[in-house]
Trainee: 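Provided herewith is a single structure, encoded as structure tokens, for subsequent inquiry.
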Protein chains: 2
Amino acid sequence: MAAREALPFDLRALEIFLAVCEEGAMAGAARRLGLTQPAVSQAVADLEGRIGLAVFDRSVRPLGLTAAGGVLRQKASALISEARQIAPALRETEHGRFPLLRAGLVDSLARALAAPLGGYLATLAEEVSVLSGLTAAHASALLSRQMDFLVGLDELEDVEGLERFALVTEPYVLLLPAGVAPPVRVDDLRQMALPLVRFSARSKTGIEVERHLRRLKVELPRRLEFDTPQGVAATVAAGEGFAVTTPLCIHEGAVDLARVRCAPLPGPAFQRRLTLIARRQELGRLPREIADFCRSRLAADVLPALDAAMPWLAGTLRIEG
Amino acid sequence: MAAREALPFDLRALEIFLAVCEEGAMAGAARRLGLTQPAVSQAVADLEGRIGLAVFDRSVRPLGLTAAGGVLRQKASALISEARQIAPALRETEHGRFPLLRAGLVDSLARALAAPLGGYLATLAEEVSVLSGLTAAHASALLSRQMDFLVGLDELEDVEGLERFALVTEPYVLLLPAGVAPPVRVDDLRQMALPLVRFSARSKTGIEVERHLRRLKVELPRRLEFDTPQGVAATVAAGEGFAVTTPLCIHEGAVDLARVRCAPLPGPAFQRRLTLIARRQELGRLPREIADFCRSRLAADVLPALDAAMPWLAGTLRIEG
DNA sequence: GGATGATATAAATGATACTTATAGTATCCG
DNA sequence: CGGATACTATAAGTATCATTTATATCATCC
């Protein structure tokens with residue numbers, strides 16, 4: 001955690017600063033706040049001393065703002081207005097629940113988890129939003145506090161201040177149209193007659209697959225790519241190509257298993273892990289509990305079907321925790 | 001402005017509260033903060049007294065959070081982390097400019113203003129973003145502080161705490177394919193052979209046109225609609241229909257004026273006004289200056305061409321201020 | 001070039017954050 | 001169960017910081 005250096009101001013100082021901005025004069029601000037003029041003058045001088053910069057241009061009247069003062073007005077105004085909303089929000093929370101929880105769910109778990117997760121969150125919060133999509137978009141939303149947690153691949157490995165709960169690890173596998181014989185060796189892969197249906201490079205899964213194939217020196221023509229597991233699975237089911245995907249993506253695709261064939265991916269182990277990521281400490285025990293819930297639902301609803309369809313997975317698809 | 005009731009806490013109290021949350025114990029928090037245990041105990045009791053709610057459940061150890069406490073942790077954590085970013089941001093502003101300015105520009109001014117506005121803002125801020133689109137989306141971004149100001153129709157008439165600067169008022173006009181004779185009376189409108197090309201009801205312009213035509217008892221079949229002035233203008237230029245639009249939308253459409261014909265809209269006066277809207281007091285004199293800039297660019301770059309193409313406008317298209 | 005209305009500084013005062021000291025309470029463990 | 005341990009609450013004193021009164025200095029307007 002960052003060094004606990006003291007904050008250079010408190011909310012009271014910002015309140016006084018904003019009053020001066022709006023009145024254009026310290027004396028005016030003092031009248032409005034029910035203080036004396038020197039109190040305001042000293043509060044402003046103290047604030048400037050603490051941040052080490054002048055915020056007012058005292059050579060003109062009405063008082064002008066310096067560059068730093070302009071920015072401070074913008075930021076302080078936002079901060080105070082948020083602070084004012086906190087106490088009312090707390091009072092509305094007497095039901096013992098959060099007022100709002102916002103979750104991001106990677107596409108490949110949308111079918112498996114969106115509804116149960118939404119239902120579970122609804123028992124914890126007054127208002128719930130579950131957004132499915134690419135984890136990249138969710139990651140930036142999480143960092144900018146427009147989202148409370150996300151479930152997806154970990155694209156934030158280098159970011160401090162987050163906590164992670166591993167949910168499930170799964171190997172990449174091959175998905176082929178029903179009649180096609182699966183390649184057994186890496187070399188068979190290089191000679192596939194069918195084109196490769198790809199995940200878009202906008203998704204981390206797409207990037208990982210791309211990199212793995214490059215490492216294996218498997219070069220396949222670029223023909224069709226999709227953002228979503230459904231697009232990939234449906235295209236394979238239609239016989240248009242084969243894909244490197246994962247068991248959960250196949251489940252997400254909701255495709256008729258009679259029309260496709262799943263097979264191990266030849267070559268060295270290649271897997272991915274889905275994780276729940278939240279800002280550390282902000283939601284207390286909640287992220288851990290939500291992760292537990294997700295694991296139990298995956299174990300109960302999804303794993304049995306996938307193990308039945310791909311018995312050769314033999315535990316390489318496993319719930320963490 | 002809202003009644004200036006005092007804030008029920010300052011940042012120091014929240015800092016202590018969060019330390020207790022993370023340590024799970026007041027004594028632990030005291031050690032971490034370099035305080036004594038009673039100091040923390042009293043700060044917490046004081047905080048609870050001010051907001052009128054208990055935040056900790058003292059009957060269990062490690063200390064549990066109440067419902068309100070859970071929400072407070074979430075909000076306080078966000079507030080403190082934003083507060084910590086302020087001072088560094090101020091120090092980066094020694095160039096005399098804002099670190100970031102985010103503008104929303106209504107589609108109908110995108111061609112006329114996006115580039116010059118962007119250039120002008122770049123002289124004021126380190127980083128600038130100018131987003132074009134429907135004002136409805138910009139309005140919500142403005143309110144949620146994801147945008148600093150917007151230029152468009154005023155869809156926020158009932159919202160407090162905003163300041164407005166009128167830029168330009170323009171009448172709605174008819175746009176027809178070159179060869180078509182313009183309707184002169186309202187009744188001619190009702191008998192147009194060509195279909196009406198509409199602005200989507202997602203845009204305020206579209207809604208206003210729709211309402212005006214309903215008031216005039218002009219009912220025209222629904223065939224083609226667009227979100228953007230380009231779509232409307234290009235469709236009219238292709239001879240596919242006629243449109244009720246405005247001079248600035250026509251300019252935005254960037255259509256060859258030889259292929260279309262502009263004419264007054266029969267019936268009572270019907271106009272719209274474009275406005276610059278910002279959160280009050282946050283950017284100081286900046287909104288007024290930006291509005292001045294926008295007016296001068298419109299007067300210099302756009303008005304002469306439109307007056308030449310539609311001499312019958314005769315001052316009904318006018319810059320405000 | 002004063003008159004006026006503002007800001008800055010100094011010293012005194014009041015509020016409140018913090019400390020020491022002590023009493024009360026939860027949890028652990030034999 | 002009972003005592004050891006570690007925590008929290010309360011009381012009273014102290015230190016610190018915000019605010020006041022009093023006074024000096026500065027900007028702006030005729």
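Computation of the quantities below employed the complete heavy-atom set of this structure, encompassing side-chain atoms and omitting hydrogens, waters and symmetry-equivalent molecules. In the text below, chain A, chain B and the rest are named by the order of the sequence lines, each starting its count at 1.
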Trainee: What I want to find out is whether A:R164 reaches A:E155 closely enough, with some N-O distance under 4.0 Å, to be called a salt bridge.
Mentor: no

Trainee: Looking at every non-hydrogen atom in both residues, tell me the closest pair between A:Q74 and B:L283 and how far apart they are.
Mentor: NE2-CD2, 3.5 Å

Trainee: What is the distance, to the nearest angstrom, from the CZ atom on A:R31 to the C1' atom on C:dT7?
Mentor: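 My rounded result for the distance is 13 Å.
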
Trainee: Contact class for B:A39 (heavy atom, under 4.0 Å): base, sugar-phosphate, or nothing?
Mentor: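 B:A39: base contact, heavy atoms under 4.0 Å.
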
Trainee: Tell me: CD of A:E23 to P of C:dT7, nearest whole Å?
Mentor: 11 Å

Trainee: Quick one: B:L63 CG to C:dT25 C1', roughly how many Å, whole number?
Mentor: 12 Å

Trainee: Going by the angle between their ring planes, with limits at 30° and 60°, are A:F17 and A:F56 parallel, tilted or perpendicular?
Mentor: tilted

Trainee: On DNA chain D, does the nearest nucleotide to A:Q37 precede the nearest nucleotide to A:D10 from the 5' side, or the other way round? Give the residue.
Mentor: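 With A:Q37 and A:D10 compared, the 5'-side residue is A:D10.
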
Trainee: Between P on C:dG24 and CZ on B:R58, what's the gap in Å once rounded to a whole number?
Mentor: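 Value for this atom pair: 18 Å.
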
Trainee: Can you tell whether the side chains of A:K75 and B:E282 come within less than 4.0 Å, N to carboxylate O?
Mentor: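 Result for this pair is no, no salt bridge flagged.
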
Trainee: Any side-chain heavy atom of A:L124 within less than 4.5 Å of one from A:L101?
Mentor: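 Heavy-atom side-chain distance check passes, below 4.5 Å.
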
Trainee: Got more than 12 heavy atoms from elsewhere within 6.0 Å of CZ, B:R145?
Mentor: yes

Trainee: For DNA chain D, which nucleotides open and close the run of contacts to chain A, 5' to 3', at under 4.0 angstrom from a non-hydrogen atom?
Mentor: D:dA18 to D:dT28

Trainee: Return the value, rounded to whole Å, for the distance between atom CD1 of A:I16 and atom P of C:dT7.
Mentor: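 The answer, rounded to whole Å, is 14 Å.
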
Trainee: Less than 4.0 Å between a side-chain N and a carboxylate O, is that true for B:R32 and B:E15?
Mentor: no

Trainee: Closest-nucleotide mapping onto DNA chain D: is A:D46 or B:P38 further toward the 5' terminus? I mean the 5' end.
Mentor: B:P38

Trainee: B:F56 CZ to C:dT25 C1': how many Å, rounded?
Mentor: 17 Å

Trainee: Compare side-chain N and O positions of A:R12 against OP1 and OP2 of C:dA15 and report whether any pair is under 4.0 Å apart.
Mentor: no

Trainee: C:dA17 P sits how many Å from B:L11 CG, rounded?
Mentor: 13 Å

